Amino acid sequence: MKTAIWLYMFLFLAFFDLHAQYPILTPFAVSLGAAPVFIGWMMGIYALTHLPGNLIAGTVIDKHGSRRYIIFSLVSAGIVLLLQAHVQYPWQLLVLRSISGFVLAFLSPACLALLASLSKNEVTQGKYMSGHGVVHTLASVVSPAAGAFIVAHTGYSTTFQGLGWLLIATGVMAVFSVPKPVKAMTDARGGNEEAALSSPAPSVSWRYFILPFVVSCSQGILFFELPLRDTGVEGIKSTGILFSVLSIGALVTLSMLFINRYSPYKRVIAGVLLMALCFFGMAAFPHVPLVVILFILGSAKGIIFPGLASMFIQLSGGSKLGRIFSLQSIAMSIGSFIGPIAAGQLRGSVSPYYIAFVLLMAGLMMIPINRKGSALHPHMNENPV
């Protein structure tokens, strides 16, 4: 538990830094003269360059452990932000965002694999995943609004420099606070973590990875569309507050630890359905206050992400977690790439929120039906990965 607390403390600072950029990147790109289509590509390229990083992460994390890759991601991303403070043209921002996407691709799989390795008990692992979500959400509650207000008073350059140095400092802190590979995950014969990680992982149907894909695709659409409501100073502040409301909704459900007692499969399905209904509401009922819908949508996120992590731990049998979470990150990266690009191309003819609704519902229909409510159902694993 002590190890988890140290990791949570460091993760809070890292996530605070990253989420503070959400409401300001689009207005910053607009200030450089970027068009909506270019902004969609700028957001999408970040996700696209996640892919090679995710592919590498899956192997190296299982082989060497999480620690060095967490430190690498944070320090490298901080350096990129320091350079971003001096950007003058849209293409420069595009290049730096692509580099940032690659170096940060190691962070999420490394953190999730490290947390999952702290226990072999499924309920305890679920609590660790929820704790990860709570820390993530606590940071994202205050950081979007904080980033927006800092930009409003100090400007983009100063804000990016401050965030960059914070990431670098967090990376240095990780050297001392993130433990070296632990031996909590032992094999059935009492071996060490290395033996457990080298054992074959049960096959996981590719159809399960559709869920993180459609969820991240819909999130990419939201992160693209919401800041375009108003790119002025007051609009930036308003967008920051709306992102914070989204995070508050997630925090509410993440704090309900009793939810971990229910099947991860059922939790994920219920959360994705609720998220789809929220996007349908934004597309079909624009008169409904965004604050209300975003709070509910955030609550759905708080159900989905811990449930996804627990579901993949069950599917993998607790081994090769670096590889499994890397594949999950790849699915999310592809979704985050396609989402904003599709929204930028189609927003003139159809509501991007309706696109998100259709994608989420299609994803639900593709998932294998599990009548027992358990995510682990080996005989359904078609075309395993």
Side-chain angles (χ1 to χ4, degrees), residues 14-57 72-109 140 143-144 147-148 150-151 155-168 170-171 216-217 219-228 231 236 239-240 243 329-345 352:
F15 288 135
F16 177 92
D17 198 295
L18 296 174
H19 283 272
Q21 299 180 61
Y22 283 160
I24 64 179
L25 277 174
T26 294
F28 178 56
V30 171
S31 72
L32 297 175
V37 173
F38 179 89
I39 295 172
W41 278 98
M42 178 197 70
M43 298 181 68
I45 199 69
Y46 174 88
L48 182 64
T49 55
H50 250 52
L51 293 177
N54 289 149
L55 290 169
I56 297 171
F72 163 76
S73 289
L74 293 170
V75 174
S76 301
I79 293 172
V80 170
L81 273 176
L82 293 181
L83 296 174
Q84 191 170 298
H86 303 286
V87 163
Q88 296 182 348
Y89 302 100
W91 69 265
Q92 294 174 331
L93 182 60
L94 185 69
V95 171
L96 289 177
R97 290 296 292 167
S98 66
I99 298 173
S100 182
F102 175 79
V103 299
L104 285 172
F106 296 84
L107 185 60
S108 181
S140 62
S143 57
I150 293 172
V151 165
Y156 293 111
S157 180
T158 302
T159 301
F160 289 136
Q161 288 186 42
L163 294 175
W165 283 116
L166 179 59
L167 267 183
I168 292 173
T170 306
S216 62
C217 192
Q219 279 198 132
I221 291 172
L222 180 67
F223 293 157
F224 167 84
E225 185 67 18
L226 204 57
L228 285 179
T231 57
I236 294 174
T239 301
F243 276 121
S329 294
I330 288 172
M332 296 187 72
S333 296
I334 296 173
S336 297
F337 171 69
I338 294 176
I341 291 177
Q345 296 288 341

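We number each residue from 1, following the sequence as shown. Since the model is a prediction, treat every value here as computed from it, not as a measurement. Heavy-atom basis, side chains included; hydrogens, waters and symmetry copies ignored.
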> Excluding sequence neighbours, so at least two apart, what forms ring pair (Phe, Tyr, Trp, His ring centres under 6.0 Å) with Phe38?
none

> Which value, rounded to the nearest 0.5 Å, describes the distance between Leu96 atom CG and Ile45 atom CD1?
12.5 Å

> If you take all heavy atoms of Ser336 and Pro340, which pair is closest and at what distance?
O-CD, 2.8 Å

> Tell me whether Ser31 contacts the main-chain N or O of Phe28 through its side chain, where contact means a donor paired with an acceptor under 3.5 Å.
yes

> Hey, what do you get for CG (Leu226) to CD1 (Ile221), rounding to the nearest 0.5 Å?
13.0 Å

> To the nearest 0.5 Å, tell me how far Ile79 CD1 sits from Gln84 CD.
13.5 Å

> Taking the side chain from Ser73 and the backbone from Val103, do they hold a donor-acceptor pair closer than 3.5 Å?
yes

> Strictly distance-based, threshold 3.5 Å: is any side-chain N or O of Ser157 a donor or acceptor partner for the main-chain N or O of Ala85?
yes

> Please report the closest heavy-atom contact between Gly164 and Leu81, naming both atoms and the distance.
CA-CB, 3.6 Å

> Show, in sequence, the C-alpha distance, side-chain angles and deciding distance for Thr49 and Ile99, and conclude whether the side chain to side chain contact (heavy atoms under 4.5 Å, CB included) test is met.
CA-CA 7 Å; Thr49 55; Ile99 298 173; over 6 Å; no

> Taking the side chain as everything from C-beta on, heavy atoms only, tell me whether Phe224 gets closer than 4.5 Å to Ile341.
no

> Say you draw a straight line from CG of Leu93 to OG of Ser98; how long is it, rounded to the nearest 0.5 Å?
9.5 Å

> State the CG-CG distance between Leu167 and Leu107, to the nearest 0.5 angstrom.
9.0 Å

> State, yes or no, whether a side-chain contact exists between Leu82 and Trp165 at a heavy-atom distance under 4.5 Å.
yes

> Could you check Phe223, Tyr156, Phe160 and say which one makes a side chain to side chain contact (heavy atoms under 4.5 Å, CB included) with Leu25?
Phe160

> Any idea how Trp91 and Tyr89 line up, ring-wise: parallel (<30°), tilted (30 to 60°), or perpendicular (>60°)?
parallel

> So do the side chains of Trp41 and Gln345 get within less than 4.5 Å of each other, counting heavy atoms only?
yes

> At their closest point, which heavy atom of Val80 faces which heavy atom of Ser100, and how far apart are they?
CG1-CB, 4.0 Å

> For the pair Gln92 (side chain) and Gln88 (backbone), establish whether a donor and an acceptor sit closer than 3.5 Å, ignoring hydrogens and angles.
yes

> Does any non-hydrogen side-chain atom of Ser76 lie less than 4.5 Å from one of Phe102?
no

> Determine the minimum heavy-atom distance between Ser216 and Met332, stating which atoms define it.
OG-O, 2.9 Å

